[in-house]
J.: 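Following this message is one structure expressed as structure tokens.
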Amino acid sequence: MDPLYRPEGVEERWQRIWEEEGLYNADPDPTRTSFVDMHPPPNVTGELHMGHALQLALGDSAIRRKRMQGYNALFQPGYDHAGISTQAAVEKHLERVEGTTRQALGREAFEARVWEWLREYGGKIMFQFRRMGASLDYRRERFTMDPEYTRAVYTYFKRLYDKGYIYRANRIINWCPYHQTALSDLELDHKEVDDTLSYIRYPFLEGDGGITVATVRPATILADVAVAVNPNDERYRDAIGREVIVPFVERPVLVIADERVEIEFGTGALKITPGHDPTDFEIGRDHSLPQPIVIGPDGRMNAHAGPLAGMTQEEAGEHILDWCRQRGLLERQEPYRHSIAICERCESRIEPLISPQWWCRMDELKKPAIEALRARLVVFHPESQHEFAIRSLEEAPDWCISRQLWWGHQLPLWQCENGHWTATAGETPSACEHCGSAELARSTDVLDTWFSSALWPFAPLGWPEHTPDLEAFYPGDLQTTAREIIRLWENRMIFSGLEVLGEVPFTDVVIHSTVLAPDGRRMSKSLGTGIDPLDVIGEYGADATRYGLLKMSSTQDVRFNYGFMQEGRKLANKLWNAARLLLAACEGRGVEPGIRPATTAERWILARIDAARAEIDEHFEAFRFAHMVQTLYRLTFDDFCDWYLEAIKPQLREADFDTLATSLGALERLLRLLHPVMPHVTEEIWTNLPSRATRLIVAPWPDPDDRWADDVDALLRVQDAAAIFRRSQVLVQLTAEERVIFAAVVRPERVKADGNAQLEIERLRKEVSRSERMLANERFVANAAPEVVEGEREKLARYERELRALEGGRRLER
RNA sequence: GGGCGGUUAGCUCAGCUGGGAGAGCGCUUCCCUUACAAGGAAGAGGUCGCUGGUUCGAGCCCAGCACCGCCCACCA
């Protein structure tokens with residue numbers, strides 16, 4: 001064995017073997033309890049990024065431990081068709097490589113091209129997932145546009161439609177002029193821009209004077225239908241009810257009063273353009289005003305803009321401002337920096353547009369989901385995110401589910417010549433269900449991509465059929481995901497699961513940190529701040545990368561730091577060399593792993609391993625992955641290598657048979673504990689141990705084992721060792737064995753209170769020390785409530801009593 | 001504007017119910033015929049963002065402030 005552990009080659013080999021031997025597979029098995037992580041399906045055109053890598057490390061370590069614990073562990077892989085994102089990528093490709101557009105191709109041909117493009121450029125991320133060592137059941141790979149999945153989508157759609165949850169409404173929506181589609185609020189980004197705020201006077205129809213409004217979009221003046229002021233605004237009290245003339249179009253409109261107008265902003269008067277502004281839309285609706293539209297879907301002025309038709313908004317705006325300027329109506333202009341909505345994909349400025357869209361009612365769907373969250377049938381971690389999830393659901397407005405895209409699940413809705421709509425679960429209807437007309441045209445819209453994502457916990461398992469998979473693996477258990485996806489995805493999976501299967505789809509949602517670039521900015525390709533996980537794996541190995549990512553997975557966001565991976569690499573190398581030492585000592589002696597501790601050092605390490613096991617179990621159950629790997633690091637470095645192996649070196653040289661057997665037994669346990677985090681190096685060492693019939697990946701997780709805890713002899717020796725140390729400060733005076741024991745005493749920060757007697761002593765000593773300090777504090781004794789002081793005295797007495805009992809009456813001087 | 005999180009060693013971060021400030025990296029010194037120099041031993045380095053409060057005692061609890069980040073939001 002090489003003294004330097006080299007992960008390259010080793011990792012790929014095990015990844016291949018595990019998969020070929022079917023060890024990643026999960027099949028329905030009524031005799032076993034399942035554990036399911038329906039892993040977030042990445043964009044089919046995506047590549048592995050740090051967020052994926054972190055999610056894989058989290059999910060896979062949890063899955064591997066559960067698998068070792070005997071659960072039927074399903075780690076579900078798949079891809080999301082990612083509607084707008086994929087369409088945009090293909091369009092860009094068409095433009096750049098072929099100089100054509102989707103419009104030129106036509107819908108059918110374009111769709112065919114997307115599929116073709118996906119065959120070439122898509123679906124590659126699973127290879128990268130494999131490279132992380134992710135034990136997904138790759139046989140089960142699903143795509144949200146698979147025929148079976150699509151059937152689930154349509155079945156769900158029809159179900160909601162029949163319940164009256166899906167309806168069509170003409171509302172103001174976010175329109176992307178580039179993608180030519182409606183977007184939900186959640187698909188927008190916001191950007192600060194420098195704009196000009198123009199103050200324009202609207203003269204009164206009768207009498208002198210007028211009202212001045214401030215606007216950044218003069219082009220929308222063409223669609224003004226009123227001027228609104230706040231009813232509490234003294235300045236305009238007398239203006240309410242009068243009429244003013246809209247410049248350029250020279251049309252009289254009413255001055256109305258509405259509380260939504262901010263008195264403080266601009267002049268306190270707001271021009272109302274219901275067709276092109278969300279607030280104005282609401283105000284206009286509540287005052288029954290018309291909704292003229294002067295800007296078309298392409299973002300340019302439309303036919304209703306009269307002489308300005310066909311112009312861009314900027315050109316039209318300039319025309320109007322000129323007109324005002326000439327007539328002295330443009331009072332002033334000032335620079336104005338504000339934030340505008342942009343398309344998160346193409347960064348085009350979003351046009352608020354009135355347009356007929358399909359909506360999904362949330363009132364009925366979200367109610368059971370909120371109840372389930374309140375009842376903690378699903379728990380988000382950390383707790384603050386649980387509160388956020390509940391609040392998000394409570395506040396969730398109706399969901400705009402239609403998109404004017406070509407890539408996605410085309411709405412299963414047909415409209416007859418009389419304007420009636422007929423919904424199906426995907427099949428073409430023979431006649432309108434309202435009037436029987438056979439002249440039907442299918443809606444050209446597609447569904448929001450998240451509509452299909454919402455079915456991820458059950459559609460890959462065969463729903464709407466009642467399959468054995470569904471029976472075995474629904475509901476699932478774990479979700480690992482990023483914060484920003486809670487509203488878009490987690491909440492929708494929860495209410496969808498409750499709606500169609502009556503049970504929450506999983507029990508725990510771990511919201512993990514965002515890994516930032518080393519300089520604290522977001523990792524992103526466009527900023528050039530991204531770090532490719534495959535490069536990291538190439539340099540440090542997948543095990544070290546997994547370790548490092550878990551170390552970074554606290555609740556707060558964290559800057560990427562290679563130090564975490566270095567730590568992981570050190571750990572892998574340390575383990576490798578520890579194994580090398582033991583295997584070399586056992587070479588050719590026919591030793592098999594066994595647990596036959598004869599010395600204190602051996603009982604001590606077995607007790608330490610079990611104590612660490614308990615800690616690791618606790619951390620796993622509480623999703624404290626960063627703490628969990630820290631426990632592993634200390635167990636391996638401090639306890640196993642620095643103390644235990646140093647202690648048994650004399651016996652190793654003598655090739656004491658029991659010592660060798662026990663050392664291999666201890667190593668085995670250590671490997672099992674490390675395997676969920678560092679599967680490759682542990683499996684590689686495991687396979688080199690004598691008589692290994694099974695793979696480590698399916699070896700049992702260590703059970704609690706407290707047989708080695710109560711070793712009074714060891715405790716006395718520990719105390720002696722500590723005493724020697726304190727007297728002389730010279731560690732070399734201790735025997736190797738004493739040094740091992742000493743570790744438990746002199747480094748108490750490494751041990752946690754549990755059933756282990758040594759640790760209990762340490763805890764008691766700490767308590768005694770604390771009590772003594774408090775009671776030595778004169779002000780405490782003088783000022784604290786008497787019962788508190790008395791209680792402290794009693795506690796001290798009790799601790800001392802317990803300590804003496806544990807120490808067998810041989811308490812050392814302190 | 002609202003919500004959430006953060007501020008601890010040069011860097012990246014831990015720090016549980018309030019009771020002797022921690023890790024990794026980096027740095028200093030010493031140690032290579034030794035399982036591992038991607039190693040071992042020892043060490044330096046911190047008014048725990050600021051101000052006030054509660055308490056016998058505050059990194060931790062409370063209030064205010066400052067700065068940073070994220071999410072949400074209809075100030076034209």
Side-chain angles (χ1 to χ4, degrees), chain A residues 1-5 172 185-186 190 195 197-198 213-217 220 228 260-273 277-283 336 338-339 341 352 382 384-385 387-388 391-392 395 483-484 486-487 513-514 516 518 520-522 540 544 548 551-552 554-585 622 624 626-627 630 633-634 637 641-642 645-646 649 652 731-732 749 752 766-767 769-775 777-785 788-789 792:
Chain A
M1 289 167 87
D2 196 320
L4 190 62
Y5 172 62
I172 195 147
D185 290 348
L186 302 175
H190 291 86
D195 239 324
L197 193 57
S198 303
V213 303
T215 181
V216 290
R217 299 176 68 198
T220 62
R260 281 165 284 199
V261 179
E262 296 283 333
I263 297 175
E264 306 299 327
F265 188 88
T267 61
L270 173 64
K271 68 184 204 62
I272 299 300
T273 319
D277 183 274
T279 308
D280 295 7
F281 177 80
E282 287 177 20
I283 294 177
Y336 180 59
H338 66 142
S339 108
S384 58
Q385 300 303 329
E387 301 301 321
F388 174 73
R391 219 169 39 243
S392 304
E395 295 168 357
R483 255 194 315 274
E484 66 262 24
I486 293 175
R487 291 161 184 257
S513 49
T514 303
L516 303 170
R521 290 188 293 168
R522 253 192 126 65
Y540 296 88
K551 197 81 193 280
M552 280 189 258
S554 56
T555 55
Q556 66 163 315
D557 293 345
V558 57
R559 296 180 180 204
F560 185 87
N561 187 322
Y562 285 101
F564 292 114
M565 278 70 187
Q566 284 167 16
E567 208 176 301
R569 186 170 58 181
K570 264 177 64 177
L571 180 56
N573 192 56
K574 192 72 175 173
L575 192 66
W576 179 254
N577 279 289
R580 231 160 51 89
L581 171 70
L582 294 180
L583 289 171
R624 290 188 298 254
H627 288 85
Q630 180 163 324
Y633 188 91
R634 295 195 164 170
F637 264 79
C641 293
D642 295 353
L645 289 186
E646 292 303 326
K649 269 183 181 172
L652 290 183
L731 201 53
V732 291
E749 73 278 4
K752 289 274 161 67
K766 232 176 141 178
E767 293 289 353
S769 156
R770 190 180 59 84
S771 284
E772 283 176 350
R773 260 198 329 282
M774 286 171 71
L775 290 167
N777 180 338
E778 286 168 27
R779 294 175 65 193
F780 169 65
V781 176
N783 298 330
V788 172
V789 178
E792 202 56 43

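Reminder, nothing fancy here: chain letters follow the sequence lines and each chain counts from 1. All values below come from the heavy atoms of this structure, side chains included, with hydrogens, waters and symmetry mates left out.
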J.: Looking for any heavy atom pair under 4.0 Å, which part of the strands does A:R770 touch: base, sugar-phosphate only, or nothing?
T.: base

J.: Nearest of B:G19, B:C25, B:A35 to any side-chain atom of A:Q566?
T.: B:C25

J.: If we take the P atom in both B:G69 and B:U8, what is their distance in whole Å?
T.: 15 Å

J.: Measure from the side chain of A:H627, starting at C-beta and using heavy atoms only, and say which of B:G40, B:G15, B:C13 lies closest.
T.: B:G15

J.: Reckon A:F637 touches a base, only the sugar-phosphate, or nothing at all at heavy-atom distances under 4.0 Å?
T.: sugar-phosphate

J.: Give the stems involving RNA chain B, where a stem is 3 or more consecutive Watson-Crick or G-U wobble pairs (i with j, i+1 with j-1, and so on) under 3.5 Å.
T.: B:1-7 with B:66-72, B:10-13 with B:22-25, B:27-31 with B:39-43, B:49-53 with B:61-65

J.: For A:R391, which contact category applies under a 4.0 Å heavy-atom criterion: base, sugar-phosphate, or nothing?
T.: sugar-phosphate

J.: Mind checking if A:K570 touches a base, just sugar-phosphate, or nothing, with heavy atoms under 4.0 Å?
T.: sugar-phosphate

J.: How would you label the contact of A:K649 with the nucleic acid (heavy atoms, under 4.0 Å): base, sugar-phosphate, or nothing?
T.: base

J.: Checking all strands, does A:A214 fall into the base, sugar-phosphate, or nothing category for heavy-atom contacts under 4.0 angstrom?
T.: base

J.: What does A:N573 touch in the nucleic acid at a heavy-atom separation under 4.0 angstrom: a base, only the sugar-phosphate, or nothing?
T.: sugar-phosphate

J.: What contact category does A:R559 fall into here, base, sugar-phosphate, or nothing, at under 4.0 angstrom with non-hydrogen atoms?
T.: sugar-phosphate

J.: Salt-bridged, A:D557 to A:R522, with N to O below 4.0 Å?
T.: no

